[in-house]
Amino acid sequence: AAGAATLGLITRNRPAMFFPYPESAGHHAYYARVECSPCDRDTCDDLRCLARLTPDGAWALLSAMLRRETTA
C-alpha cells in the first residue's frame, strides 16, 4: 500500500498464486523450486521446499533490492 518493494518467501506453491506483485515494480519472490512443488498438502514430513530457503539466499535478493532503491 505504501509503494515499497517487497520480498515474498514462498515455499510450496507457485509464487503467482500468493505473491501477485510484479518484478517490474521492484518486488521479488524467493521461491524454492523443488521436485514436488507446487504442492497442496497441509502437512509434510519432507520440507525440502522450506529447507532450500536460506538466510543467505534471501539476503542476496534483499540486498540487491536495497541497492536498486538507493540508486533510483
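The first residue of the sequence shown is numbered 1, and numbering continues consecutively from there.
- Between the CG atom in Leu61 and the CG atom in Asp56 there is a gap of 11.5 Å [rounded to 0.5 Å].
- Thr11 and Tyr31 are not linked by any side-chain donor-acceptor pair at a separation below 3.5 angstrom, with hydrogens and angles left out of the test.
- Taking the six-membered ring where tryptophan is involved, the planes of Phe19 and His27 are perpendicular, since the angle between them exceeds 60° and thus also 30°.
- With hydrophobic clusters built from ILVMFWY side chains whose heavy atoms lie under 4.5 angstrom apart, Tyr30 shares a cluster with Trp59.
- Ion pairing between a basic and an acidic side chain is recognised when a charged N comes within 4.0 Å of a carboxylate O; Glu35 and Arg52 show such pairing.
- Between Thr6 and Tyr21 the shortest side-chain heavy-atom distance falls below 4.5 Å.
- For the atom pair CG of Leu7 and CG of Leu66, the computed distance is 9.5 Å after rounding to the nearest 0.5 Å.
- In plain terms, the two heavy atoms of Met65 and Gly26 that are nearest each other are CE-O, 3.5 Å.
- Here the closest heavy-atom approach between residue Ala32 and residue Ser37 is recorded as O-OG, 3.8 Å.
- Residues Ala51 and Thr54 approach most closely at O-CG2, 4.1 Å, considering heavy atoms.
- The CZ atom of Arg48 sits 15.5 Å away from atom CZ of Arg33, with the distance rounded to the nearest 0.5 Å.
- Ala58 and Leu9 make their closest contact through CB-CD2, 4.4 Å (heavy atoms, listed as atom of the first residue, atom of the second, distance).
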